[in-house]
A.B. asks: 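Submitted below is the structure of interest, expressed as structure tokens.
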Amino acid sequence: MIYDKAIFGIYPRSESLRVSIGRYERGKLDGNIRDIMADEKRKFYRFAEKNNVGVAGDPLFNWHDIYRPLFSLFSGLEQGELHRYKETNTFYRKPIFAGDVKLSSDPLKPGEDEFSTPVYLPDVHGLRYLFLPSPLSVLRDAENVKEKSRKQLLEAFKDLIDLVKHDFTIFYEHYDIDGKLLEEISTITDTSESIVVSPQSNLAANSDLRKYGFNGIVSGNPEDLQKNLESSGTSFIPFWNCRRTSIESAGSIEKLLDHVKGSIVDSQKYTICNTDFFDFLPREIADRKVAFDGVA
């Protein structure tokens with residue numbers, strides 16, 4: 001059975017890149033961190049192409065956390081205290097609404113912070129997938145949120161999406177997917193060109209899923225699979241467990257896809273994917289999970 005692969009979100013940095021970033025932050029790097037980052041990305045995209053990865057939204061290595069790039073792109077949004085991401089050793093800066101929110105930086109050019117720009121590519125040949133945290137995640141995690149803040153944030157997201165030349169936008173929601181999220185996304189972009197991903201559950205009503213017609217709905221709860229597949233334009237099948245170091249087998253892919261094809265939805269093409277960041281794993285383990293030949 002033929003299938004594609006999709007990688008959503010941050011991918012682990014190589015050990016050499018981690019060392020280079022540490023030296024850069026201490027002011028002791030011999031070289032240009034931007035060039036080093038670009039070279040790391042080129043190597044990854046060659047690896048991805050070799051291993052049948054059709055969906056991989058840049059950035060992969062230059063996010064320190066899920067909200068970091070937004071602080072440099074949007075004025076009126078400031079970094080708050082560190083908060084733990086779920087029950088992991090990963091943290092994020094809590095967003096604070098501190099003024100009028102609007103897009104204030106060019107998303108295609110690196111700014112003063114070498115790692116901030118969320119859509120920077122080393123060699124721009126046309127960006128297919130724009131990866132962003134969902135606006136509802138930002139609002140749920142932020143401080144000093146007002147109705148004015150919500151409207152301005154959605155408008156800033158819309159301006160960002162409209163400015164970047166891309167085919168699809170991937171929204172990462174680290175809470176449950178619900179009807180409110182789908183409605184808000186529908187106000188800022190074309191839902192047929194949008195993919196919503198969550199490690200949690202899809203609580204949206206079937207009527208909302210049909211109404212908005214997203215290209216992809218992906219959630220980590222196995223009980224959601226049928227609902228997600230029946231309401232999506234693309235058959236994304238959650239497969240990789242990014243919280244475990246054990247390597248999934250080709251046989252387990254075959255078993256899963258046979259189950260889907262036999263009892264849920266008969267598609268011409270399936271795409272196996274992750275629902276949470278690969279960044280929780282060592283780079284070597286993540287590479288080994290991804291490196292199948294694409295035919296089960």
A.B. asks: In Å, rounded to the nearest 0.5 Å, how long is the span from CG of L160 to CG of L130?
C.D. replies: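 One finds 6.0 Å between CG of L160 and CG of L130.
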A.B. asks: side-chain hydrogen bond (donor to acceptor under 3.5 Å, both in side chains) between Y11 and D287: does it pass, once the steps are laid out?
C.D. replies: CA-CA 10 Å; Y11 202 74; D287 284 352; 2.7 Å; yes
A.B. asks: Within the side chain of R26, is there an N or O that forms a donor-acceptor pair under 3.5 Å with the backbone of G22?
C.D. replies: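 Present.
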A.B. asks: Check whether S137 reaches the backbone of H174 with its side chain - one donor and one acceptor, N or O, closer than 3.5 Å.
C.D. replies: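 At least one qualifying donor-acceptor pair exists.
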A.B. asks: For Q200, does its backbone N or O pair with a side-chain atom of S198 as donor and acceptor, under 3.5 Å?
C.D. replies: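 Yes; judged by distance alone, with no hydrogens or angles, the pair exists.
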A.B. asks: Got a second to check how far I185's CD1 is from L182's CG, nearest 0.5 Å?
C.D. replies: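 If I round to the nearest 0.5 Å, the distance is 6.5 Å.
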A.B. asks: I96, Y67: one ILVMFWY side-chain cluster at the under-4.5 Å cut-off?
C.D. replies: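 As far as the 4.5 Å side-chain criterion goes, Y67 and I96 are not connected within one cluster.
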A.B. asks: So, are D276 and R243 salt-bridged, with charged N and O less than 4.0 Å apart?
C.D. replies: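 Yes, D276 and R243 are salt-bridged.
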A.B. asks: Taking only residues two or more places apart in sequence, or in another chain, which ones meet K94 in a salt bridge (Lys or Arg N to Asp or Glu O under 4.0 Å)?
C.D. replies: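 K94: no salt bridge (Lys or Arg N to Asp or Glu O under 4.0 Å) contacts found.
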A.B. asks: Give the intermediate values and the outcome of ring pair (Phe, Tyr, Trp, His ring centres under 6.0 Å) for residues F74 and F157.
C.D. replies: CA-CA 9 Å; F74 296 160; F157 265 83; 5.7 Å; yes
A.B. asks: Tell me if a side-chain donor or acceptor on N51 pairs with a main-chain N or O of F47 at a distance below 3.5 Å.
C.D. replies: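 The answer is yes, because a donor-acceptor pair under 3.5 Å joins these two groups.
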A.B. asks: Can R42 and D35 be counted as an ion pair, charged N to O under 4.0 angstrom?
C.D. replies: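 No.
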A.B. asks: Hey, does S14 have a side-chain heavy atom less than 4.5 Å from the side chain of L17?
C.D. replies: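 Yes - at least one pair of side-chain heavy atoms lies under 4.5 Å apart.
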A.B. asks: Using the ring-ring contact (aromatic ring centres under 6.0 Å, His included) rule, pick out the option among F8, Y270, F168 that qualifies with F236.
C.D. replies: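 Result: among F8, Y270, F168, F8 is the only option passing the ring-ring contact (aromatic ring centres under 6.0 Å, His included) with F236.
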A.B. asks: Show the nearest heavy-atom pair for residues A286 and F278, with the distance to one decimal.
C.D. replies: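 That would be CB-CD2, 3.8 Å.
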A.B. asks: Looking at R140, I'd like to know if its CZ atom is crowded, meaning that more than 12 non-hydrogen atoms belonging to other residues, nucleotides or ligands lie closer than 6.0 Å.
C.D. replies: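 More than 12 heavy atoms, drawn from other residues, nucleotides or ligands, come within 6.0 Å of this atom.
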A.B. asks: In this structure, would L203 and L229 fall into the same cluster of hydrophobic residues linked by side-chain contacts under 4.5 Å?
C.D. replies: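 No, L203 does not connect to L229 through the hydrophobic network.
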A.B. asks: To the nearest 0.5 Å, how far apart are CD1 in I10 and CZ in F277?
C.D. replies: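 Answer rounded to 0.5 Å: 4.5 Å.
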A.B. asks: To the closest 0.5 Å, what do you measure between CD1 (I285) and CH2 (W240)?
C.D. replies: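 CH2 of W240 is found 14.5 Å from CD1 of I285.
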A.B. asks: Same cluster or not: V196 versus Y175, using hydrophobic residues (I, L, V, M, F, W, Y) connected whenever any side-chain heavy atoms lie under 4.5 Å apart?
C.D. replies: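 V196 and Y175: separate clusters.
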A.B. asks: Are side-chain heavy atoms of V55 and D4 found at a separation under 4.5 Å?
C.D. replies: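 Sidechains of D4 and V55: no contact.
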A.B. asks: Does the side chain of N52 pick up a donor-acceptor pair with the side chain of Y3 at under 3.5 Å?
C.D. replies: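 There is no such pair (donor and acceptor under 3.5 Å, judged by atom type) between the side chains of N52 and Y3.
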A.B. asks: Taking only residues two or more places apart in sequence or in another chain, which ones pass salt bridge (Lys or Arg N to Asp or Glu O under 4.0 Å) with D190?
C.D. replies: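 In terms of salt bridge (Lys or Arg N to Asp or Glu O under 4.0 Å), with neighbours along the sequence ignored, D190 is linked to no residue.
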A.B. asks: Do any N or O atoms from the side chain of R23 and from the backbone of K28 form a donor-acceptor pair under 3.5 angstrom?
C.D. replies: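 Judged by distance alone, no pair lies under 3.5 Å.
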A.B. asks: Which residue pairs satisfy the side chain to side chain donor-acceptor pair (under 3.5 Å) criterion with at least one member in residues 230-239, sequence neighbours excluded?
C.D. replies: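 Output for this query lists N215-T234, Q226-E230, S235-S267.
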A.B. asks: Would you please test Y45 and V53 for side-chain contact (heavy atoms from CB on, under 4.5 Å) and show each step?
C.D. replies: CA-CA 9 Å; Y45 282 114; V53 177; over 6 Å; no
A.B. asks: R93 and D65: which non-hydrogen atoms are nearest, and at how many Å?
C.D. replies: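 Looking at all heavy atoms of both residues, the closest pair is N-OD2, 3.4 Å.
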A.B. asks: Answer yes if V19 and I21 sit in the same cluster of Ile, Leu, Val, Met, Phe, Trp and Tyr residues linked by side chain heavy atoms under 4.5 Å apart, and no otherwise.
C.D. replies: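 In one cluster with V19: I21, no.
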A.B. asks: Got a sec: does the NZ of K151 have more than 12 other heavy atoms crowding it under 6.0 Å?
C.D. replies: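 Not buried by this count: 12 neighbours or fewer within 6.0 Å.
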A.B. asks: Starting from the C-alpha separation in whole Å, work towards a yes-or-no answer on salt bridge (charged side-chain N to carboxylate O under 4.0 Å, His left out) for E155 and K158.
C.D. replies: CA-CA 5 Å; E155 189 63 29; K158 185 178 187 302; 5.4 Å; no
A.B. asks: Would you please test I177 and F214 for side-chain contact (heavy atoms from CB on, under 4.5 Å) and show each step?
C.D. replies: CA-CA 12 Å; I177 297 170; F214 280 77; over 6 Å; no
A.B. asks: Could you tell me which non-hydrogen atom of S20 sits nearest to which non-hydrogen atom of L29, and how far apart they are?
C.D. replies: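 Looks like O-CD1, 3.8 Å.
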A.B. asks: Measuring from D176:CG to D224:CG, what's the distance to the nearest 0.5 Å?
C.D. replies: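 So the CG of D176 and the CG of D224 are separated by 8.5 Å.
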A.B. asks: At what distance, to the nearest 0.5 angstrom, does CG of N228 lie from CD1 of I264?
C.D. replies: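 The CD1 atom of I264 is 10.0 Å from CG of N228, to the nearest 0.5 Å.
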A.B. asks: Heavy atoms only: give me the nearest G99-Q152 pair and the separation to one decimal.
C.D. replies: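 Looking at all heavy atoms of both residues, the closest pair is O-OE1, 4.0 Å.
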A.B. asks: Closer than 3.5 angstrom, by distance alone: can the side chain of K227 be matched with the main-chain N or O of A204 as a donor-acceptor pair?
C.D. replies: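 Checked: pair present.
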A.B. asks: Are F71 and I161 in one and the same hydrophobic cluster, where Ile, Leu, Val, Met, Phe, Trp and Tyr link if side-chain heavy atoms are under 4.5 Å apart?
C.D. replies: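 The answer is yes; both residues are in one hydrophobic cluster.
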A.B. asks: Shortest non-hydrogen contact from S72 to S105?
C.D. replies: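 Closest approach of S72 to S105: O-OG, 2.9 Å.
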A.B. asks: Walk me through it: do D167 and E193 pass the test side-chain contact (heavy atoms from CB on, under 4.5 Å)?
C.D. replies: CA-CA 7 Å; D167 296 334; E193 298 172 356; over 6 Å; no
A.B. asks: With a 6.0 Å cut-off (strictly less than), is the heavy-atom count around CD of E147, excluding the residue itself, greater than 12?
C.D. replies: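 It does: E147 CD has more than 12 such atoms within range.
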A.B. asks: Could you go step by step and tell me if F44 and I7 meet the side-chain contact (heavy atoms from CB on, under 4.5 Å) rule?
C.D. replies: CA-CA 12 Å; F44 173 81; I7 295 175; 3.8 Å; yes
A.B. asks: I'd like to know if the side chain of T187 and the backbone of E184 have a donor-acceptor N/O pair within less than 3.5 Å.
C.D. replies: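 Present.
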A.B. asks: For N241, is there any backbone N or O sitting under 3.5 Å from a side-chain donor or acceptor partner on E248?
C.D. replies: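 Checked: pair present.
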A.B. asks: Keeping N202 on the side-chain end and S219 on the backbone end, is there a donor-acceptor pair under 3.5 Å?
C.D. replies: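 Pair absent, no side-chain N/O of N202 close to backbone of S219.
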A.B. asks: Could you walk me through whether K148 and D100 pass the salt bridge (charged side-chain N to carboxylate O under 4.0 Å, His left out) check?
C.D. replies: CA-CA 8 Å; K148 179 182 177 181; D100 290 336; 3.2 Å; yes
A.B. asks: Please check if the side chain of H166 supplies one atom and the backbone of V164 the other of a donor-acceptor pair under 3.5 Å.
C.D. replies: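 Flag set: sc H166 to bb V164 pair under 3.5 Å.
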A.B. asks: Do the side-chain N and O atoms of Y24 and N32 include a donor-acceptor pair separated by under 3.5 angstrom?
C.D. replies: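 N32 and Y24 do not have a side-chain donor-acceptor pair below 3.5 Å.
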A.B. asks: Is any side-chain N of the basic residue among E183 and K180 closer than 4.0 Å to the acidic one's carboxylate O?
C.D. replies: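 Judged by the 4.0 Å cut-off on N to carboxylate O distance, E183 and K180 do not form a salt bridge.
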A.B. asks: Under a 4.0 Å N-O cut-off, is there an ion pair linking R283 with E40?
C.D. replies: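 Salt bridge present between R283 and E40.
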A.B. asks: Could you pull out the closest heavy-atom pair between P133 and F171, with the gap in Å?
C.D. replies: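 That would be O-CD2, 4.4 Å.
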